[in-house]
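When reading the values below, keep in mind they use all heavy atoms of this one structure, side chains included, and skip hydrogens, waters and symmetry mates.
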Amino acid sequence: MKDTMRSMARPYLTLFGLALIIALLGRVALEFAGSAGILAFDYISASGVPILDVVCSILTGSAFVAFLFAAGLALVLSTAGPVLGAALYARGQEGAGRVGVAFLWGWATALVAIVCLVLLAFGILSAVQVGSMSSKLPGLPVIVLGVVAFAAFLGTLLAAAQMTLVACVERARAGRSLTTSLLVACAACGAVVAVLTLGTFAALNTASIQVPALLGWVAADVVVNLAIAFGAARVAARAQASAVVAAPAEVRA
């Protein structure tokens, strides 16, 4: 039993380390958002308030708890998608380490996560709330197109996450520490994503959304996500090449 716990300690400690890094980045982002006025943590009852306060005002009591479950499911699926892609790559699945393939599966993962969130949301809101929201929303074709486009936007982020994991796998095969690679990648890429998420949310969570500013942040998100994905692919290719070169030397030794 002691040997089993020891052998499993490193993977679990790596997982806990990743969670703590994300928690610390989130805490820093929330502190900045609060001090900059992007988020308000006190109850606001007034007209012309940011969109988040309007949405959250209807999520009270059991509806709030149910929404936490819905959001948790969407986040878990979004996290599991890149991990599954990297695991398939580690097992030798053909095409799993390509940016295009990672993007397409990231798109599909994001789309299913949004669908799950919407399905549960309709069970959370009352018929009156659904009717009120439906009267203010565009037609179904426009909504579907918007969901598909938003999933594609999130797909670039999930592709970047998967390719980063692929790079960590290849670095481990080349003799580098997988734990160190994962922790460093989580901290570095996580900091960049946190800044972009904060900026995008700040442009969205306003009483009057400035579309050019919001589109500018979305464009920056996509560009950086793709840069991380292609950068990670290059790191993976370099690590794979170095492992191939080192193999004959090991045989000669």
Side-chain angles (χ1 to χ4, degrees), residues 2-26 28 75-110 154-197 220-253:
K2 188 183 290 186
D3 291 338
T4 300
M5 293 298 291
R6 262 186 212 161
S7 64
M8 296 174 67
R10 190 179 184 87
Y12 272 97
L13 289 175
T14 302
L15 173 64
F16 301 157
L18 294 172
L20 287 170
I21 288 173
I22 295 171
L24 288 172
L25 288 172
V28 171
L75 289 173
V76 167
L77 178 57
S78 300
T79 303
V83 174
L84 177 59
L88 290 173
Y89 174 81
R91 289 174 53 185
Q93 176 66 47
E94 184 180 356
R98 297 177 186 170
V99 176
V101 174
F103 168 71
L104 290 175
W105 281 115
W107 188 351
T109 300
L154 291 179
T156 61
L157 177 61
L158 298 187
Q162 180 176 325
M163 293 309 301
T164 300
L165 292 174
V166 167
C168 292
V169 169
E170 281 301 337
R171 283 173 59 84
R173 287 174 174 172
R176 306 295 181 88
S177 169
L178 178 61
T179 296
T180 301
S181 296
L182 288 172
L183 293 175
V184 170
C186 180
C189 297
V192 174
V193 171
V195 171
L196 290 171
T197 301
D221 291 336
V222 173
V223 169
V224 172
N225 290 341
L226 292 176
I228 292 175
F230 282 103
R234 289 188 63 185
V235 171
R238 244 185 253 153
Q240 190 176 41
S242 65
V244 171
V245 171
E250 292 175 2
V251 171
R252 286 195 299 269

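When atom types are taken as modelled, the side chain of Gln162 and the backbone of Ala96 share a donor-acceptor pair closer than 3.5 angstrom.
The minimum heavy-atom distance linking Ala90 with Val169 is given by the pair CB-CG1, 4.2 Å. For the residue pair Ala229 and Met163, the shortest heavy atom distance occurs at O-CB, 3.6 Å. Residues Ala167 and Val235 share a closest heavy-atom pair of CB-CG1, 4.1 Å. For the pair Leu77 and Thr109, the tightest heavy-atom approach, listed with the atom from each and the gap, is O-CG2, 3.4 Å. The minimum heavy-atom distance linking Ala110 with Leu154 is given by the pair CB-CB, 3.7 Å. Contact record, Val99 with Ala233: CG2-CB, 3.9 Å, taken as the closest heavy-atom pair.
Atom CG of Leu165 is separated from atom CG of Leu84 by 11.0 Å, given to the nearest 0.5 angstrom. Distance check, rounded to the nearest 0.5 Å: CG of Leu182 to CZ of Arg171 gives 10.0 Å. Atoms SG and CG, from Cys186 and Leu20 in turn, are 10.0 Å apart once rounded to the nearest 0.5 Å. With values rounded to the nearest 0.5 angstrom, Leu104 atom CG is found 11.5 Å from Arg98 atom CZ. Note that OG1 of Thr79 is 7.5 Å distant from CD1 of Ile22, once rounded to the nearest 0.5 Å.
Checked against Thr179 for a side-chain contact (heavy atoms from CB on, under 4.5 Å), the options Thr14, Val184, Leu15 give a single hit: Thr14.
Note on residues 85-109: pairs passing ring pair (Phe, Tyr, Trp, His ring centres under 6.0 Å), not counting sequence neighbours, are Phe103-Trp107.
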Quiz item: Do Leu157 and Asp221 pass the side-chain contact (heavy atoms from CB on, under 4.5 Å) test, and can you show the C-alpha distance, the side-chain angles, and the key distance before you say yes or no?
Solution: CA-CA 8 Å; Leu157 177 61; Asp221 291 336; over 6 Å; no
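A donor and an acceptor atom, one from each side chain of Ser181 and Arg176, are nowhere located under 3.5 Å apart.
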